[in-house]
Structure formats: C-alpha cells, structure tokens
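Only one structure is covered here, and it is reproduced in the block below.
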Amino acid sequence: MIIMNLKLNNFYCFSDFEVNFSYPKKIVNTIVPYEFLEERPNFRFKRVNILMGANASGKTVMGKAMMDIFNFIHLKNPEILISKIANPTKTASFEMDLVLRDLNLYRISCFIELGEVKLLKIEKAVIEKNDSYEKTIEKFQLLSLQISNKGVNFVEALENINKDYLGWLFSFPGDELSKDAEFDTKILDRVLRTFDPSIEEVIKSEEVENTFHIVFKSGYKLSIQEGKVIKENILSSGTKEGIAIANAITNMLKKIPRPFYIDEKFSHVQSDLEISFLSLMIEVLNPKSQLFFTTHNTDILEMDLPVHSFIFLRKKDKVELINPSKIFKKNDRSLANAVKNDVFNTLPNTDLLDDILEVQYESEEI
Amino acid sequence: MNLKKYNLFYLVEGECDEAVVRALKDKYIHSGKIKVINVATKKVSDLIRRSIKTSTVCVLIFDIDIFAAGKGNPRIILENIVKLEASPNVKKVVVICQDKNLEDEIVRATNIRDIKQLLNSASVTDFKREVISCSNLLKKLDEKNFDITKFWVQSNPTFVNKPNESNLIKK
C-alpha cells in the first residue's frame, strides 16, 4: 500500500492542503533503494519521507488524518472523519491516491457536509508497464460514485477497495502499545541493549504469553507484558521509547507492504542513535512500503539521503508544505544550512519569550 | 588538511583496535566516532553509509596479516574505499594497514618486546580480552614509552592503491 497523493480540506488544521509522494526523475546510485514499483520502473514514489517543522506545524495531524482515512475505508464508519472536521458549518473533503497490492492506482474522494457524507467517489487506473504516476492519473476510471440521498449506504462504494490489501502502522508520541503488539525477541534485545548498556539481555518468557524479561547486568529483572513495562520508572525515557521502536522494526521486518508513520518516537533519544535507527528502518523496509518519519533533529538533514526525502511543514493560519527538492534543483548538500538559516521559513518564532523578560522588568518596576 | 573542520569516522577491525583507538584519541589522534567492522572481509553497508555525517573523513584500520591467513579480501577493501569515496558526505578516506597486526604496531611504538608485557597478560589471548576491558589503557601505553611517531607508520601494501596517511589523523 503506497500513498501517492493526499488532499485535505477542513480536517484538523488542514485547509486546501496537498502533499504528493511521487518524484520526477530517476536518481542514479541512490542510497534509498526501490523508490519505484519493481514491476513498473517508471512509477516512482518516495519510500522515505522525513517530515520536519516547528511544534504544532501539522506533522502529527498529517499522520492522524492518514490513519483516519484508512480506518474510514476499512471500518466504513464516517464518524471517524466527521469528528475531525475543523469547521462543521463548512464542507470538508479529502482525496487520496493509493497504490494497492493489485498494482492498480485508486483514488478515493469524499465530501462531508453538515455531519453527513455527501459524495464518495472511487476511481481506479491500471498502472501499465511504462507508466509513471503522472501518466497513470490521466487514466482514472470511475468505479463507484455515491451521492447522498436518504438511506444511501456508503459501504457499497468502499467494497471496491479490497480489505486484504490494507495495512498500516502508526506510532504517535504517548500512544500505548496495543495488547497484541508483536516483538521479535532478538530485535527487542538488540534495540534495548543499544539504548541501555546496563541491560544484559532480553528474554522471552516461557510461561506467560506475550511477555519478555529485561535482565540487567546487576541481575535485576523487569518485565514487558503485552507491550507495557511493569515498574517502568526503572527505564530511561529513551529506553521506554525503544520498546515502541522495537515493535515498529519487528513489523517492518515482516515485509508486508504498508505505510509506517513513526511520529517523534525519538524525542528522548540521542541524535546519533536516531540517525542509526532511521538508517536501519530504511534498510529493512519492504520495497513497497513507505516510511513517514517526523523529527526535530536537524542532524538528520546531514544524512546521505536524497533531498526529495525531506518535507517541511509550517503553520500560520493553515498548514503549508515546503518541498525542498523544488527549491534545490540538484541533490544539494547544504540542506542543513538552508534550514538553519530559515530559507524555508520553518524556524519557530521565539519573540514571545522575550516578552517574559519584559513582564519580569515591569513587575520589578512596580 | 585541517581535521578540526571535519568529522572523523574510524572503521576498525575488531574490539581490541576499538579499545586502542578510543584510548589514543584522548591524547595522540583526533577524536571521532568508532565503528567495529572489518573492511577487509565485510562490505560497508548502505545502513552505515547513510548515517555518515557531512564533511566526514573515514579512517579504515585493519591488520595486514589477515591476508596471509587467507581471510582478508583485497577486492572488498577496494570496493569499500570506492563506495565510501562516492558518498557525498565523505571528504576523504584514510587507509591504515597495521603491520602485521595491532599487537605488532604496539610493540613497535613502545619499549616492550612482547605484547603480553603491556598489561602483564599470561597469553596473547588473555591480552586481547584484557585490553578490551582495560580502563586505563592510555596510561599503560605511556608507561611503556608509547611513541605515536612510531605507530601506524609502515607503508600500505600496493593493492590498496593508497598511501598510509596516518599522519593526517595524528595530533
């Protein structure tokens, strides 16, 4: 499952927002392999998407919007979307282009008005051997169009999307892992030992299902049961994040084609470690999977990655998207400098912090 | 080449080499990140290449005796050098072949005649185990009159196609 384009209007903080995940030219000797469909080499897509931007710039909600759309398609429940409309008195809409496992491109468009789905359209285009994304979208054919009337059942339209082809993993900050979160013992062991050298090993419980023991060099033992740590205050914040990271890597290694949205899971992690984990994730990702990785770590801009892998978000009244690859025509290595010098106007405004001092001076004068 | 402007990335053959580089970087060589990988037997993966920061000088350190033992592969070393030099973040690749191995290099640069004397080890195997866990290795080296000008000074074998430029990383 590959997301090629997403339009959002009046959902969360998005208004007339569009993000595209194709890229125009084949890159020779790229360090991110398979940024195209193996069977359709001209159909190029961004497998690695690093989303950066100041706080509250839309990085997390972009993932949440994607997740809501997937859940809507899967569960056929419009409430999932309706509850995320920013202004309920105005029309909200989304349009998502998706490549599914049958190697067809699907476009799902939906309009919601006054708490009701007014239009749901599903289009499909066959991706031929030499087609690019841009060529394929010219060939969309209508599969289903449902316009609201009393009693209209939108389930029928969504039946055109094969449920078996759907799959995703979203990991947001503060999210608890689900009870059935899967772990590979070896991966959990390596990840947690990388975070905390005082860990001797991680072993799977032979008695209790979905339970792992963290054994420290001191002999102390700690358990992870159904994705949750018992006595978690023993672990550092970074090591706790490591558990969710190990779960994501376990899922990536399953090689099931699906998007992974890893949202600021490294906020307590040392910069070099974050870089190494990102590089590992790129390495183990299925060729037909996409990685969306949000971060504040500007050291990541120095990684040897194509410029098109980076997307910047900024928010004033609405979320705006900046594609540095459109500004930097070549694979320019000064991207880190450009961000540090605020070329994309993505640095946060800190003027209000100066006001705090003024408030202090005023109170001293009084 | 003023190394203060660059990031250094040491790719060393084994854990003993890592321990020695870690000790030396406090005093004798420029500091940098260390990764244990035998570049004579293993290809540097994209996983490693992607995480190399901009303006990095890669320093490849390996023993020459592994070729005599039939374990090292000159083709892999050359491929690794080419691959690293092609990386836009790599400014330079420095290759240091230890003649014949780390132990010989240490003996050459100190006043000991046998590597076992450095840490009073019972055997070479014990030395290897002890050097990894030694907490004051730099002090131990200095006690044996370690001379950095005598360390890593042998010429590289011709198949590497690169001179030994260890002087660049020495302080």
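The basis for the numbers below is simple: all heavy atoms, side chains too, and nothing from hydrogens, waters or symmetry mates. The structure presented is a predicted model; accordingly, all values stated were derived computationally and were not measured. Note on naming: letters A, B, ... go to the chains in the order of the sequence lines (proteins, then strands), and numbering restarts at 1 for each one.
- Counting heavy atoms of neighbouring residues, nucleotides and ligands inside a 6.0 Å radius, atom NZ of B/Lys144 exceeds 12 of them.
- Proximity to chain A (any heavy atom under 4.5 Å) is restricted, for B/Ile52, to the backbone atoms N, CA, C and O.
- Annotation: maximal heavy-atom pairing with chain A below 4.5 Å, among B/Ser55, B/Ala86, B/Ser51, occurs at B/Ser51.
- Open room surrounds NZ on B/Lys35; 12 or fewer heavy atoms of other groups in view lie less than 6.0 Å from it.
- The shortest side-chain heavy-atom distance between B/Lys53 and A/Asp272 falls under the 4.5 Å cut-off.
- The environment of NZ in B/Lys33 is crowded: more than 12 heavy-atom neighbours from other residues, nucleotides or ligands sit within 6.0 Å.
- Nearest heavy atoms, B/Arg49 versus A/Asp304: O-CB, 4.0 Å.
- For B/Lys83, the NZ atom is densely surrounded, since the number of other residues' heavy atoms within 6.0 Å is greater than 12.
- No more than 12 heavy-atom neighbours from other residues, nucleotides or ligands sit within 6.0 angstrom of NZ on B/Lys71.
- In this structure, A/Ile31 and B/Arg50 approach most closely via the heavy-atom pair O-NH1, 2.7 Å.
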